[in-house]
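Only a predicted model underlies this, so the values are computations on that prediction, with no experimental measurement involved.
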There are 2 protein chains.
Amino acid sequence: MRIPDHIGIIPDGNRRWAVNNGFSKKDGYQKGLEPGLKLLRLCKEVGVKELTYYGFTMDNTKRPSIQTEAFTQACIDAVKMIAKEDVSLLVVGNTDTPMFPEELLPYTEKRQDLGDEGIKVNFLVNYGWHWDLYNLIKSQREGKRKSNIIDSLNSNDISQIDLIIRWGERRRLSGFLPVQSIYSDIYVVDSYWPDFKSEDFYAALQWYDKQDITYGG
Amino acid sequence: MRIPDHIGIIPDGNRRWAVNNGFSKKDGYQKGLEPGLKLLRLCKEVGVKELTYYGFTMDNTKRPSIQTEAFTQACIDAVKMIAKEDVSLLVVGNTDTPMFPEELLPYTEKRQDLGDEGIKVNFLVNYGWHWDLYNLIKSQREGKRKSNIIDSLNSNDISQIDLIIRWGERRRLSGFLPVQSIYSDIYVVDSYWPDFKSEDFYAALQWYDKQDITYGG
């Protein structure tokens with residue numbers, strides 16, 4: 001079976017899950033922690049080399065503060081939880097605005113090199129597609145070419161994504177790494193992220209295995 | 001019913017249609033012309049204000065020349081056909097490589113302004129996502145901000161896309177306007193583009209009408 005090297009995760013539907021289950025919206029985010037850990041372990045099992053979680057975006061921070069505080073805390077907890085696993089972890093996002101949580105600054109420095117062991121995990125925190133693209137000016141100044149375009153992004157430590165799995169039914173990318181997702185195959189799970197089931201992950205892999213990868217050629 | 005202002009079309013599956021119907025791959029492209037015209041007229045009927053067709057990309061030109069010649073001719077024919085309609089037409093792509101057809105150069109100049117009448121139609125020819133993004137350096141030099149990022153692309157005459165409809169079953173964007181598609185809802189039709197049916201278009205509109213547009217907020 002053809003396993004994707006790099007999987008991107010859009011863990012959507014926490015608020016809708018909360019409302020459907022009689023909680024207030026903000027309470028949905030903590031329910032996303034355990035699914036995140038389960039998914040990470042499944043990825044390691046099947047041999048995925050890199051995994052990127054869509055934490056929260058600069059656009060998300062426009063929401064009511066009771067919600068922004070809740071998803072920020074959930075991301076802090078998630079990163080600390082993942083850091084305990086055998087992973088090479090990096091937090092990527094705009095650290096120059098007040099919405100970026102101090103506690104996660106240490107995780108934004110260069111990731112530990114595990115060689116071929118372990119798995120690379122990227123966690124997007126206060127990420128913005130516009131913030132990400134702005135770094136392209138450097139590639140111009142340095143006369144870099146297409147092959148280097150990812151090197152020129154603020155998210156330059158994150159490689160091209162093979163498979164994006166989005167929970168929560170919506171069929172859109174919502175600003176998730178626009179350059180790395182150029183050729184990604186996109187699989188949508190209709191159930192909400194807190195209702196994560198291993199079967200959904202395996203179904204996504206089965207589907208990906210049947211896709212024909214051409215990169216436009 | 002909530003009609004999208006701007007629809008992007010990825011008319012995929014011409015080669016697979018040709019093979020399935022006993023033609024050689026190259027013969028599939030001409031079968032995509034009539035569907036393109038039907039779709040344009042449907043969009044005008046329902047009040048879509050802007051329509052963007054994914055013609056061919058710089059990546060596509062890596063294919064065998066018998067195919068590149070065929071899809072280039074099909075795009076030339078499609079643009080000339082669309083130009084006869086009541087539209088404000090613009091061809092967008094990299095005119096600096098030999099793969100850009102001379103016949104279409106006149107259509108790359110500023111579009112005719114129809115005011116509120118007619119429909120804006122964009123047709124991507126020899127388009128490349130990397131080519132498109134490279135222009136961002138100008139926005140930096142001029143100190144532009146997020147709100148201007150589209151103005152800074154080579155595709156700056158194409159606005160943000162509300163709904164992308166892709167024919168041919170694949171669930172990916174394949175480099176289609178990475179910035180304008182940031183928040184697009186993506187609807188996939190499993191049948192191949194030459195088998196276009198009005199029902200597919202109406203089904204996409206019905207689905208889009210039920211989507212919740214948040215732009216991350």
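Residues A:Trp129 and B:Val179 come closest through the heavy atom pair CZ3-CG1, 3.8 Å.
In this structure, A:Glu103 places its CD atom where more than 12 heavy-atom neighbours from other residues, nucleotides or ligands lie under 6.0 Å away. Within 6.0 Å of NZ on A:Lys44 lie more than 12 heavy atoms contributed by other residues, nucleotides or ligands.
Of the two parts of B:Ser181, neither the backbone nor the side chain holds a non-hydrogen atom closer than 4.5 Å to a non-hydrogen atom of chain A.
Separation of atoms CZ (B:Arg63) and OG1 (A:Thr214) is listed at 6.5 Å; rounding is to 0.5 Å. Atoms CD and CG, on A:Glu169 and B:Asp212 in that order, are 11.0 Å from each other to the nearest 0.5 Å. Distance CG/A:Leu173 to CD1/B:Ile186: 4.5 Å, rounded to 0.5 Å.
Checking each of B:Ile213, B:Leu163, B:Ile182 against A:Arg172 for a side chain to side chain contact (heavy atoms under 4.5 Å, CB included) leaves exactly one that passes, namely B:Ile213.
Between chain A and the residues B:Arg170, B:Gln67, B:Met58, B:Gln211, the most heavy-atom pairs under 4.5 angstrom are made by B:Arg170. Top candidate by heavy-atom pairs under 4.5 Å with chain A, chosen from B:Pro178, B:Gly128, B:Ser174, is B:Ser174.
Using a cut-off of 4.0 Å between Lys/Arg side-chain N and Asp/Glu carboxylate O, B:Arg171 and A:Asp185 are scored as not salt-bridged.
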